[in-house]
Novice: 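Here it is, the structure in full.
Below, read A as the first sequence line, B as the second, and so on, with proteins coming before strands; counting in each chain starts at 1. Excluded from the calculations below are hydrogen atoms, water molecules and symmetry mates; all remaining heavy atoms, backbone and side chain alike, are included.
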Amino acid sequence: MTEQVRDEGGKCVVELGGEIDLDRAPEVRSLLLDCITRGRDVLVDLSRVSYIDSSGIASLVEALQSASKNGITLGLVAISPMALRVFELARLDKVFTIYPDLDAAMTTATADQG
Amino acid sequence: MTEQVRDEGGKCVVELGGEIDLDRAPEVRSLLLDCITRGRDVLVDLSRVSYIDSSGIASLVEALQSASKNGITLGLVAISPMALRVFELARLDKVFTIYPDLDAAMTTATADQG
Amino acid sequence: MSGPITDEERLLELRFPARPDRMALVRKSIRGAALDYGFDDFAIQEIVLAISEACQNVMRHSYTERETGDIVVSLSRTAERLIIRVTDFAPTVDPTKIRSRDLSDIRPGGLGVHFITELMETVEYLPGPGGVGNILLMTRKTEVSP
Amino acid sequence: MSGPITDEERLLELRFPARPDRMALVRKSIRGAALDYGFDDFAIQEIVLAISEACQNVMRHSYTERETGDIVVSLSRTAERLIIRVTDFAPTVDPTKIRSRDLSDIRPGGLGVHFITELMETVEYLPGPGGVGNILLMTRKTEVSP
Ligand SMILES: Nc1ncnc2c1ncn2[C@@H]1O[C@H](COP(=O)(O)OP(=O)(O)O)[C@@H](O)[C@H]1O
Ligand SMILES: Nc1ncnc2c1ncn2[C@@H]1O[C@H](COP(=O)(O)OP(=O)(O)O)[C@@H](O)[C@H]1O
C-alpha cells in the first residue's frame, strides 16, 4: 500500500509512507527483513512517513541488527524533524546512519565501500 | 478576535472569520445589528469563514430582516462552497444577495442605487 | 430506518460537557476521525454539520441551564454505512415534538432538524438505555470502501 | 506529581476498542482536539506520541488477546496544564513493574515508558475507580494560554 521496494545503484531502496505504528510495524518489519535476505545494502526512505512510534522504531532496530549480522549496511534517508525527534528520544539517532536525501545516501554509501 | 468592521465605499464591510456556531453566533449577531444602526448598507465578507451552521445562519437572517426594516441592504460576499451548501440547505441562497467578491459587491451595489 | 443494523463495528466515542464552547474541539476531532475513515472533504463537512446540529439541539432543548450534562457522540460502521449516535442524559424527549418547520417562512432559527434530515440517510430519535436520556441515531452511506 | 490537580476543566474523552487498527483514527482525533487547544505542531506530535505509546502498552500488556476491552483517553486542563488520562478496564497492574530499561543496550522494543516520561512533565500509574482497571495520568505544561 504505502510501501515500495526498488533496486537503485545496486542497493535495495525501501520507501515507507504513512504512519508506522503498532498496527503497521509488523508489515514494515517483514518487508525490511525480506530485503536484507537479498544481500544488498538497504536504504530506508522515510520522507513520506508522517508518524513513527516505538513499534516502528523496533522494526527498524531489528532490521539494522539483522543487516549487520548479514554483513550489509542499512541506512535511513530523509527523516522528518518529528521522526528524528523520536530517534533522539530513543537515543538511536547516532546508532543509525542517517542521510539527508537519497543522492547523499548513494554517494556516501558508495564512497564508503570504495 | 476574528471579526473586523470597516467603512469602504460608503458601506459598512463586516469581515467574519473562523467557525460561526452556537458559541460565536451571539457575538456575530450583535456586531451585525450594531452595524445596521449606523444606517449604511452592510456587506458581510465570509471569505475567511471556515464553518457556519444553523446558529450562524440565524444571526444573518435576523440581520437581513433588521436591515430591510431599516431601509438598507445587507449582502454576503465571497461565500465558500461549503458555506453556500449550508445556505442552500436552508433554502436561503436566493433570499440573500450573494456577491462573488468585494469588488463585484461594491460595483453592483452602487449600480443598484444609481 | 430501512432495517436493523447488523455487523456494526465500533470506531470511536467522544464524550464532552454539553457546552457551546466545546463544539469547535469536537468538530476538529470528528473531522480527524472522518478523514481517517476515507470520506472526502465535502462529505466530512456535511457529517460534521449534522453532528453539530444534533449537539446544539441537545444543549438548547434537552438540557436546561440548571440541569446540564454530557453528550456522547459515537461513530461506528457497517460495510455500507457510517452510524452516528448522539446521546444525552437529559429527561426523555417526546420524539413527535422534534419537527422541522416550513422553510418558506423566512425567520431566524428552526433549521437544525431540517439540516440533519437532509444530510443523513436515516434519522431516528430513541429513548436512551434504561429509559434515561435520548439517542439520535443517524446513518449515512459510505461513498468509499473503508 | 508536583501536587494535587485543582480547577480541572474537562475537555473531551475518547473511548474505543483496544485494537491497533483504531490508533490512526484516535491520533487524528487527538491532533484535531490539541490543535483547537492551541498547542503548536511539534507539541501536538509529542502529545499524540505519548498517548499512542500509552495505548499500545495497554493493548500489549494490560489486556490479553482473550480478554480485551476499551480504552478511554480523556483530556482536561487547568490554567497551566493539559491533563491526559489513559484508562483501561483490565486487571489491575502493579505500577512498580512498569519500568523503562537501559537504553544503551540497543535492541528492539522497550521504549514506550521512556518516551512517555520524556514527553510528559508528570506521569503516574493509578488503579482505576473502584479498583477496576488502570489509569495512566500524565500532565504537560501548556506553552500557550488557551
Ligand atoms: N434534542 C432535542 N430535544 C428536545 N427537543 C428538540 C431537540 N431537537 C429539536 N427539538 C425540537 O424540535 C424543534 C426544531 O428544532 P430545530 O429544527 O433544530 O430548530 P430550533 O432548534 O432552532 O427551534 C425545536 O424547536 C425543539 O422543539
Ligand atoms: N499498561 C501496562 N500494563 C502492564 N504493564 C506495562 C504497561 N505498560 C508498560 N508495562 C510494563 O513495562 C515494561 C516497559 O514498557 P515499554 O517501555 O513500553 O516497553 P515494551 O512494552 O516494549 O516492553 C513492559 O515490558 C511491561 O512489562
Novice: Checking side-chain polar atoms at under 3.5 Å, does C/Ser62 have a donor or acceptor matched by the opposite partner on C/Asp88?
Specialist: yes
Novice: Quick check on the interface: out of C/Asp70, C/Ile30, C/Val72, who has the most heavy-atom pairs with chain D under 4.5 Å?
Specialist: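 Sorted descending by pairs with chain D, the first entry is C/Asp70.
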Novice: Of the backbone (N, CA, C, O) and the side chain (C-beta and beyond), which part of D/Leu75 lies under 4.5 Å from a heavy atom of chain C, both, or neither?
Specialist: neither
Novice: Does any heavy atom of chain D fall under 4.5 Å from the side chain of C/Asp21, the backbone, both, or neither of them?
Specialist: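 Nothing of C/Asp21, per the 4.5 Å heavy-atom cut-off to chain D.
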Novice: Select one option (side chain, backbone, both, neither) describing which atoms of D/Arg10 are under 4.5 Å from chain C's heavy atoms.
Specialist: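 Interface part for D/Arg10: both.
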Novice: Any luck finding a side-chain donor-acceptor pair between C/Thr139 and C/Glu121 under 3.5 Å?
Specialist: no
Novice: Against chain C, label D/Arg19 side chain, backbone, both or neither, depending on which of its atoms sit under 4.5 Å from a heavy atom there.
Specialist: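 When you check distances to chain C, only side chain atoms of D/Arg19 fall under 4.5 Å.
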Novice: Would you please say whether a donor-acceptor pair under 3.5 Å links the side chains of D/Ser76 and D/Glu8?
Specialist: yes
Novice: Taking atom CG of C/Asp102 as the centre, report whether more than 12 heavy atoms of other residues, nucleotides or ligands fall under 6.0 Å from it.
Specialist: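 Yes, because the 6.0 Å sphere around CG of C/Asp102 holds more than 12 heavy atoms from other groups.
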Novice: Working note: C/Cys55 + C/Val73, criterion side-chain contact (heavy atoms from CB on, under 4.5 Å); need CA distance, chi angles, decisive distance, verdict.
Specialist: CA-CA 9 Å; C/Cys55 293; C/Val73 174; 3.9 Å; yes
